[in-house]
Amino acid sequence: MTHKRSSGRHADNGGRGAHDSVYVGNAGKDAALDRGWILGHFKDVGDPRHSEAVEIKWGVHPCGDERSQWVKGEERTALLVLISGRFRVGLLGRSVLLEEQGDYVVWGPGADHSWFAEEESVVLTVRWPSVPGYATTEDGGGAR
């Protein structure tokens with residue numbers, strides 16, 4: 001069976017299929033439209049990518065990119081998977097280096113954190129639940 005892939009757009013319906021609960025896209029292209037975020041509470045209600053249960057980011061980071069502020073008072077659980085590059089996650093009292101494709105780190109509520117791209121990197125972040133209040137003001141909300 002062959003599946004035709006769309007670049008975030010159905011022929012007739014701007015990314016959605018015949019059923020409003022289906023969206024076909026490309027993580028790299030769609031992420032560029034919303035600072036990396038492809039699913040979460042910040043998508044419009046009615047969009048299949050709207051969720052208060054989970055949020056997903058396809059993060060593309062140039063070498064030297066870093067989070068402008070530490071996340072403090074974290075209430076969510078997160079999984080960050082390295083797709084390509086070399087990426088460091090800072091946790092209070094610990095630094096985790098992701099350097100092989102598929103390396104990942106999971107942290108839970110209460111784990112203050114930050115990050116730094118040691119090389120140009122692509123990472124997939126899954127966090128739950130999806131709640132507002134984590135955007136940094138310096139980057140216009142680049143980190144939700």
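Heads up: numbering here begins at 1 and tracks the sequence. Only a predicted model underlies this, so the values are computations on that prediction, with no experimental measurement involved.
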Query raised in the report: Does any N or O in the side chain of Asp103 come within less than 3.5 Å of the main-chain N or O of Glu100, such that one atom is a donor and the other an acceptor?
Result: yes
Query - Closest approach of Ile38 to Ala27 (non-hydrogen atoms, all atoms of both residues) - result: CG2-O, 4.1 Å
Query raised in the report: After noting the C-alpha distance and the side-chain angles of Ile56 and Trp37, does the key distance pass the side-chain contact (heavy atoms from CB on, under 4.5 Å) rule?
Result: CA-CA 6 Å; Ile56 298 176; Trp37 296 100; 5.9 Å; no
Query raised in the report: Can you find a pair of side-chain heavy atoms, one from Val54 and one from Ser130, that are under 4.5 Å apart?
Result: no
Query raised in the report: Less than 4.5 Å apart, any side-chain heavy atom of Arg88 and any of Ser95?
Result: yes
Report task. May I ask you to decide whether Lys43 forms a salt bridge with Asp34, counting only side-chain N to carboxylate O separations under 4.0 Å? Result -> yes
Query raised in the report: More than 12 non-hydrogen atoms from neighbouring residues, nucleotides or ligands closer than 6.0 Å to CZ on Phe116, yes or no?
Result: yes
Query raised in the report: For the residue pair Phe87 and Trp115, does the interplanar ring angle fall in the parallel (under 30°), tilted (30 to 60°) or perpendicular (over 60°) class?
Result: parallel
Report summary line: Looking only at heavy atoms, the pair that brings Lys72 and Asp112 closest together is CA-OD1, 3.4 Å
Report task. Could you check if a side-chain atom of Tyr104 sits within less than 4.5 angstrom of a side-chain atom of Leu98, using non-hydrogen atoms only? Result -> no
Query - Any side-chain heavy-atom pair of Pro109 and Glu75 under 4.5 Å - result: no
Query raised in the report: Are Trp58 and Leu39 in one and the same hydrophobic cluster, where Ile, Leu, Val, Met, Phe, Trp and Tyr link if side-chain heavy atoms are under 4.5 Å apart?
Result: yes
**Report entry** Hphob cluster co-occupancy, Leu124 + Val105, side-chain heavy atoms under 4.5 angstrom
**Finding:** no
Query raised in the report: So do the side chains of Leu91 and Val89 get within less than 4.5 Å of each other, counting heavy atoms only?
Result: yes
Query raised in the report: What's the spacing between Cys63 SG and Glu118 CD if we round to 0.5 Å?
Result: 8.5 Å
Query raised in the report: Does a side-chain heavy-atom distance below 4.5 Å link Pro132 with His41?
Result: yes
Query raised in the report: If you take all heavy atoms of Pro129 and Glu52, which pair is closest and at what distance?
Result: CB-O, 3.6 Å
Query raised in the report: Would you say Val123 and His61 make side-chain contact, with heavy atoms under 4.5 Å?
Result: yes
Query raised in the report: Does a sphere of radius 6.0 Å around CD in Glu120 hold more than 12 heavy atoms from other residues, nucleotides or ligands, not counting ones at 6.0 Å or beyond?
Result: no
**Report entry** Donor-acceptor under 3.5 Å (Asn26 side chain, Lys29 main chain)
**Finding:** yes
**Report entry** In one Ile/Leu/Val/Met/Phe/Trp/Tyr side-chain cluster, 4.5 Å: Val81, Leu97
**Finding:** no
Requested in this report: Please report the closest heavy-atom contact between Gly25 and Asp30, naming both atoms and the distance.
Outcome: CA-OD2, 3.5 Å
Report task. Indicate if Ile83 and Val106 have the same hydrophobic cluster label, given that clusters are the connected sets of ILVMFWY residues with side-chain heavy-atom separations under 4.5 angstrom. Result -> yes
Query raised in the report: Can you tell me how far the CD atom of Glu119 sits from the CG atom of Asp65, to the nearest 0.5 Å?
Result: 14.0 Å
Report task. Could you check if a side-chain atom of Leu79 sits within less than 4.5 angstrom of a side-chain atom of Trp107, using non-hydrogen atoms only? Result -> no
Report task. Please step through side chain to side chain donor-acceptor pair (under 3.5 Å) for the pair Arg127 and Thr77, ending with a clear verdict. Result -> CA-CA 6 Å; Arg127 294 192 302 218; Thr77 298; over 6 Å; no
Report task. Taking all heavy atoms of Ala117 and all of Ser121, pick out the closest pair and write down the distance. Result -> CB-OG, 4.2 Å
Query raised in the report: In terms of side-chain geometry, is the basic nitrogen of Glu55 or Arg76 positioned less than 4.0 Å from the acidic oxygen of its partner?
Result: yes
Query raised in the report: Any idea which heavy atoms bring Trp128 and Ala53 closest together, and the distance?
Result: CB-O, 3.2 Å
Query raised in the report: Does the ring centre of His113 sit less than 6.0 Å away from the ring centre of Trp70?
Result: no
